[in-house]
Amino acid sequence: MASRIKLLALVSLLALVGGGVAAYKNVVLGIPLIVDERPSEWLVEAKVSFVAVGDPVTARLALPGVAIDRELGIDARSAGYSFIVEDTLDEYAALWASDSKEGPQSLYYRVRFPQRGVDSGGPRLEPGDVPVPGDPGLSGTLRSAAESVVRRAKELSSNPDTLLAGVFREITAIEGSQEIALLKRHYEEVSNSDALTLLGIDLLNMAGVPARQAYAVQLNEIRGSQKPSLFVEYFDGVYWKVRDPDQPASTLDPRELFVWNRGGDALLEVSGGENSQVAFTTTRDIIPMEKLTDLKDSGLLVSTIFGLPASERQVFRYVVLIPIGAFVVVILRNLIGIATLGTFMPVLLALALLEMDLKSGLTMFVVIVASGLWFRFLLSRLNLLVVPRVAACVVIVTLLMMLLSVVSWHLGMRDGLKITLFPMIILAWTIERMSLIWEEEGKRNALLQVAGSLVVAVIAYLFMELKQIRYWAFYFPELLLVLLAGIILVGRYTGYRLSELIRFKNFEEAV
Amino acid sequence: MKRWWHRYFRTPGELEAMGVVGINMRNARFVLPNNPRRLYDLVDNKIRTKLLAERQGISVPETFGVVRSPKEIRRLDRILGERDSFVVKPARGSGGKGILVISGRDEDRYIKPSGSVVSPDEVRFHLQNIIAGLFSLGGKRDVALIEDRVKPAKVMTELSFQGAPDVRVVIFRGYPVMAMLRASTRESDGRSNLHQGALGIGVDIATGRTVHAIHHGRPVTVHPDLKVPLIGVQLPEWDRILEIAVTCQQMTGLGYLGVDMMIDEERGPIMIEVNARPGLAIQLANGVGLLKRLVPTDARARQIPDEELREKIRFSRNTFAARMQEV
């Protein structure tokens, strides 16, 4: 009983590890489980547009730090401009420059990241000295109004996080106080749409919490082209954090928002142009598997076909399929009970069949084995020793194969040419063993075993040919652990084989 | 009760009720746990088995010579001398492969029991094949054994078309559990392989009398070629046969094995070989599921460990007597 528990533990461990890694690759890395599903990623494109007036032009677009740090897929298209990425104290910016331009201009910058998003608004350490809150430079009644709002908010909060929430609750309250109404009017003179957020940032600074502007993009395909939303970045004593002023109490959801620019720099600065603006489009982009950014970053890259140089992949394609064939053999032998010539000969035969199509593969096999058998009987008259006899058989099999290839090519069947992978040595041994069984156990048994091997090979081939199974083998090789668990379970099956139900059909208890 | 599907198959439930053991069960429950790998060579190598058996006082076919390398094939004439009947077999052959039986001589040439003629060159070629490992497990190099051909007792030859039947006794944990005779037919061409149409004849453990017979899995009562009755034939020296079988178990240490014997006219029962993975056809031949005997045997062996050899035989004869089945 104890061994049974150990076995079950081992089997479930294997299944868990294999299934777990596969699930991780599916959920976190975004590799689809179903063969025809294509992986997709977010593609955020910033389009800078302005009208150049004929002077030298420079355009400076602040960039998402996470994108540079994590080497997410980035590209910039900017014909006629020189382009560099500027790096100052962990803040990045794209700089386009040109001697002289005239008329409407468009510059693009793209960032790619996985479908589940990146934590672009998460806590970040201050790279320089501890920041000091700035002074908004209000005076007179504005200043005293602001100070009383700050005082009220501070009384109700215990730390920068709750203070932020409190400040924005004050500002956005429908029945706002006199002070807020006064301040609002002042800020609306500066900027109409973002007045409340700018006010909140200034109030936070007055309350002693360093705060600054940040810009975020909604990850939403339906919105089309969008203006960046102004967010608040504040310092909680240890980290810089970004919050949405509309939802000041909750952290950002990376699946819905991408913070493009933090650090307080202006989002876009253009000189030599007028009417400059930046617009963003977010799209879900279907991309080839090997370009999946998270997969490239992950250590699990080694667990897919992409872990290999391209030249080795072709071989790997077949290697990962061999266990599938072995599993089919296990099922057919131990559960069904089909007798084969040599345990794993059918797997090799199935591999050969993968190279050609089924019909020409089987024809080839039958022709070669039949004529090889005939030569083998001729050879046996020469009383050769075993190894030279098999070697002679290999030579004959090779010649037969060349002959078949040439003949089939002349008949217009191009598949004949692809048979180089046909396992010649295996065929020679098959012929040798078959002739032995022929002599020792009669031709009926010999033919039965060859037929059994062919049936097993064809079934194994059909499995290995399935698109879904190949896909799993290439991209989720860890599922082989689950297969291993299955093989171990079959290894402990002590019930009847299907063939035995027929073998014992006449069983009668003696009376 | 006969059901319509019995023409085609039996359900697993029906087989289980009859105690039929399948290959998977034989391997997992009886062969693997009871036969440690290291003991296999004792029985896979017939030279070692014979040596062991001789030390225990068991009769085995007299060894004329052993050919270990292609060079030694030259010694064939010296080994054979004037003998005109002998058997050439691989020491590590499996399933009766590679056995050449010569029953007579016609001047320079040898005659097989079937009447066909073999030249000395063909015998030498056969020896080469054996040494090259053609018949051994995994194709390893092997050694050829040349030994005396058993002269079978008349009771036995009467049951067989050419040659003589061999007796197999299956032993589990030292207790004889089941026995059968394998007799050749015209169809099986002198071989005792049931797949090729040989007869399987069940033998009562208690008395040594044949009780049941099958041909191609179906019950029969007379020999298809010789038309002699197959049921109720008394095997000679049954006591000795059981004794040899149980002694073979003791000397090899295997927990589950089949002992193959032939009965010589003068020397009585002779041990031919021991098999560590005996087949399942013996159940069909007896019309009894092996499990019905293996389970009580296992219980007995647990209850009384290291029982005396004679006691083991007595237990089996009492418990597994064919008459008991009739009740």
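Taking the ring centroids of B:Phe135 and B:His126, they lie under the 6.0 Å cut-off.
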For B:Thr210 and B:Leu230, what are the C-alpha separation, side-chain angles and deciding distance, and is it a side chain to side chain contact (heavy atoms under 4.5 Å, CB included)?
CA-CA 7 Å; B:Thr210 59; B:Leu230 297 171; 5.7 Å; no
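B:Val21 touches chain A through its backbone: at least one of N, CA, C or O sits under 4.5 Å from a heavy atom, while the side chain does not. In this structure, chain A has no heavy atom under 4.5 Å from any part of B:Ile214. Within the 4.5 angstrom heavy-atom criterion, atoms from both the backbone and the side chain of B:Pro12 approach chain A. Only the side chain of A:Arg389 comes within less than 4.5 Å of a heavy atom in chain B; its backbone stays farther off. Contacts of B:Phe125 with chain A are made by side-chain atoms alone, with heavy-atom separations under 4.5 Å and no backbone atom involved. Both the backbone and the side chain of B:Gln283 come within less than 4.5 Å of a heavy atom in chain A. Within the 4.5 angstrom heavy-atom criterion, only backbone atoms of B:Thr11 (N, CA, C, O) approach chain A. Contact of B:Arg7 with chain A is made through the backbone alone, with heavy-atom distances under 4.5 Å.
A distance of 10.5 Å separates CG of B:Leu134 from CG of B:Asp142, quoted to the nearest 0.5 Å. For the atom pair CD of A:Gln449 and CD1 of A:Ile338, the computed distance is 12.0 Å after rounding to the nearest 0.5 Å.
Judged as a side chain to side chain contact (heavy atoms under 4.5 Å, CB included), and not counting sequence neighbours, the contacts of B:Pro224 are B:Thr185, B:Leu199, B:His215.
A donor-acceptor pair under 3.5 Å links the side-chain atoms of A:Glu500 to the main chain of B:Ile23, judged by distance alone. For the pair B:Asp225 (side chain) and B:Arg186 (backbone), a donor-acceptor distance under 3.5 Å is present. Judged by distance alone, with hydrogens and angles left aside, the side-chain atoms of B:Glu72 form a donor-acceptor pair with the main-chain N or O of B:Arg68 at under 3.5 Å.
Interface check for chain A: of the options B:Arg218, B:Met18, B:His195, the most heavy-atom pairs under 4.5 Å are formed by B:Met18. Of the listed residues B:Asn286, B:Ile131, B:Leu280, the one with more heavy-atom pairs under 4.5 angstrom with chain A than any other is B:Leu280. With chain A as partner, the option from B:Gly202, B:Gly22, B:Pro70 having the largest number of non-hydrogen pairs under 4.5 angstrom is B:Gly22. Put simply, of B:Lys97, B:Gln196, B:Arg26, the one with the most heavy-atom pairs under 4.5 Å next to chain A is B:Gln196. Taking B:Ile99, B:Asn27, B:Asp121, B:Val20 one by one and counting their heavy-atom pairs under 4.5 Å with chain A, the maximum is reached by B:Val20.
Taking non-hydrogen atoms and a 4.5 Å limit, the residue list of residues 490-497 of chain A in contact with chain B, ordered by number, reads A:Tyr493, A:Thr494, A:Gly495, A:Tyr496, A:Arg497.
Under the 4.5 Å side-chain criterion, counting only non-hydrogen atoms from C-beta, A:Asn334 is in contact with B:Asn24.
Looking at A:Glu478 and A:Trp472, their side chains never bring a donor and an acceptor atom within 3.5 Å of each other. Using modelled atom types, one finds no donor on one side chain facing an acceptor on the other under 3.5 Å when comparing B:Arg109 with B:Ser119.
By the 30° and 60° cut-offs, the orientation of the rings of B:Trp5 relative to B:Phe9 is parallel.
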